[in-house]
Participant: 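This is the structure, below, for whatever I ask next.
Order of listing sets the numbers, starting from 1, for every ligand and every atom in it. Residue numbers start at 1 and run along the sequence shown. FYI, side chains are in, hydrogens and waters are out, and symmetry mates aren't considered; it's all heavy atoms of this structure.
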Amino acid sequence: MQPFRHTWVEINLDAIYDNVSSFTRWMKPDKEVMVSVKADGYGHGAIPVAKEAIKAGASWLGVALLEEAIELRQAGIDIPILMLGYLAPEYMPVAQEHRISTTVTNLAHFRQVCAQLEANKHPLHFHLKLDTGMGRLGMTSTEELSQFLHVYREQKKQLGQTLIWEGVYTHLATADEADETYLEQQLSSMRRNLKLIHQHGIQIPYVHLSNSAGTIRQLNDPPNNLIRLGISMYGLAPSGYMHSKLPFPLKPALSLHSRLSFVKKARPGQGISYGKTYVTKGEEWIGTIPIGYADGWSRNLSNRAQVLIQGQRMDLVGRICMDQTMVKLHGRCDIGEKVTLIGKQGDEEITADELAQLLGTIPYEIVCMISSRVPRKYVRDDFESES
Ligand SMILES: *Cc1c(COP(=O)(O)O)cnc(C)c1O
């Protein structure tokens, strides 16, 4: 449906393109790029982001759910897709049908997966997940891996080309932090595991371990030939510490905008919004913005965050409601005046990092939080943003 409310997200696809191609040009050429488009591309829209990243050189897509993978296939995207999350064994034939690579999370899971495979479908490509310290999914011991290697041999004899071992990977818990102690432990554990696999004479096409932070750190030992690029493709640094380590500037792709829906000159002592948490000190110009916590504009930003109007920072006042938010204006403004909640106006900028700090969270959550009620508009560098 055509939007009737003036609240929208702008996604600059050129920023996505530039971020991905900056990484591909800067990285060692032995590595392929998987871009993480889970959670509807971190709120940016999985399909347009995936298409743009592919143009910029990405050769893999990573998702959390099978639903997300199928949506990409239905949009006509044909490149390899890896499901990074757990898939219950009974759905393996669905993954086969749509040619989605899946993650095997341990030996028990592997046995169940093999029992469900259907020989008359596409082969199942799987990536074995090793838990080297993330403590989330994956095999936790070398003994289990050793057993797995034996079971794999037996299963492969029976299943033949129905089962393809395509990758082995791990996930890093602290790659975005200054202290490298734990990271080093995870990498050593990965080296030991890979050595064991090679001792069994098994060659696997892909070894991968780097998220955005690992990519920025240029992790090359153990050798790995695929990176899983998420947050930094969208133009955000994985952490405050990582800001200082960026090899080139990133371009944030997402901005969030609205337009004033109501403006009034409030009397001194007038309460604003639920709970009367803000009371005007003198005569004040108060504006209403048609965005609220149902749009992912967190209520915890009440009386804390700022927005940009006419290129200037202005304070939110009173509690954020489900669909509306109030702002203290610097003076009279017209209805329809543009409000930027994330992004730039003139020389001022409000970043996802700034909002994350106010909320005690990470920028990942800020962009994922913007709900599907807010329409996404796709733009390019030469787009003249409406004022
Ligand atoms: C989401 C995810 C990534 C991407 O991480 P970023 O920090 O966004 O780069 C990589 N690997 C796995 C397993 C993930 O779940």
Side-chain angles (χ1 to χ4, degrees), residues 15-16 19-20 22-24 26-27 31-44 46 49-50 53 56 58-69 72 80-87 100-106 126-139 166-177 183 186-187 190 206-219 224-243 245-247 250-254 352-353 356 361-369:
I16 301 281
N19 294 328
V20 173
S22 293
F23 276 103
T24 52
W26 170 78
M27 278 183 336
K31 289 183 182 42
E32 287 184 45
V33 179
M34 171 190 295
V35 290
S36 171
V37 292
K38 60 198 181 195
D40 201 21
Y42 295 30
H44 294 62
V49 166
S59 53
W60 276 83
L61 301 173
V63 295
L65 317 182
L66 189 54
E67 291 86 329
E68 295 173 333
L72 293 163
I81 302 177
L82 173 62
M83 227 197 100
L84 300 160
Y86 167 81
L87 182 63
I100 309 302
S101 299
T102 58
T103 292
V104 164
T105 56
N106 65 9
F126 78 91
H127 291 225
L128 181 68
K129 183 83 184 271
L130 302 174
D131 180 6
T132 60
M134 176 67 187
R136 189 167 69 178
L137 292 178
M139 272 184 203
E166 187 177 40
V168 55
Y169 77 109
T170 195
H171 195 45
L172 304 169
T174 63
D176 62 344
E177 294 175 15
L183 171 62
Q186 284 202 263
L187 295 173
M190 193 62 178
Y206 291 99
V207 175
H208 47 114
L209 49 87
S210 282
N211 49 7
S212 296
T215 304
I216 292 163
R217 283 198 124 104
Q218 294 188 285
L219 303 177
N224 55 93
N225 57 0
L226 179 63
I227 60 143
R228 303 187 305 268
L229 189 66
I231 197 74
S232 295
M233 158 176 62
Y234 302 100
L236 301 171
S239 66
Y241 168 70
M242 275 284 136
H243 267 289
K245 298 283 155 193
L246 294 175
L250 294 172
K251 300 183 178 173
L254 179 145
D353 284 303
T361 184
I362 51 177
Y364 296 73
E365 192 177 359
I366 301 297
V367 288
C368 284
M369 227 160 56

Participant: What about Ala213: any of its N or O atoms under 3.5 Å from an N or O on ligand 1?
Facilitator: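 Looking only at distances, the answer is no, because the N/O contact criterion of under 3.5 Å is not met.
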
Participant: Examine Gly230 against ligand 1 and note whether any of their N/O atoms are separated by less than 3.5 Å.
Facilitator: yes

Participant: Got an N/O contact under 3.5 Å between Ser36 and ligand 1?
Facilitator: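 In this structure, Ser36 places no N or O atom under 3.5 Å from an N or O of ligand 1.
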
Participant: For ligand 1, find out whether one of its N or O atoms is nearer than 3.5 Å to an N or O atom of Lys38.
Facilitator: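 Checking ligand 1 against Lys38, an N or O pair does fall under 3.5 Å apart.
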
Participant: For atom 9 (O) of ligand 1, find the nearest protein heavy atom and state the residue, atom name and distance (0.1 Å precision).
Facilitator: Ser212 OG, 2.5 Å

Participant: Going by distance only, is there an N or O of Lys129 that falls short of 3.5 Å from an N or O of ligand 1?
Facilitator: no

Participant: Which protein heavy atom lies closest to atom 12 (C) of ligand 1, and at what distance to 0.1 Å?
Facilitator: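 Ranked first by proximity to atom 12 (C) of ligand 1 is His171 CE1, 3.4 Å.
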
Participant: Measure the acute angle between the ring planes of Trp60 and Tyr206, then classify it against the limits of 30° and 60° as parallel, tilted or perpendicular.
Facilitator: perpendicular

Participant: Quick one: which ligand 1 atoms are inside 4.0 Å of a heavy atom on Tyr42?
Facilitator: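 Atoms satisfying the 4.0 Å criterion: 1 (C), 4 (C), 5 (O), 6 (P), 8 (O).
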
Participant: Run the contact test for Arg136 against ligand 1 with a 4.0 Å cut-off on heavy atoms, strictly below, and give the result.
Facilitator: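 Yes, that is the case, since the closest heavy atom of the residue is under 4.0 Å from the ligand.
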
Participant: Among protein heavy atoms, which lies nearest atom 11 (N) of ligand 1, and at what distance?
Facilitator: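 Residue, atom and distance for the closest contact: Arg228 NE, 2.7 Å.
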
Participant: Do the non-hydrogen side-chain atoms of Val35 and Leu61 ever get within less than 4.5 Å of each other?
Facilitator: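 Yes, at least one pair of side-chain atoms sits under 4.5 Å.
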
Participant: What is the closest protein heavy atom to atom 7 (O) of ligand 1, and at what distance does it sit?
Facilitator: Tyr364 OH, 2.6 Å

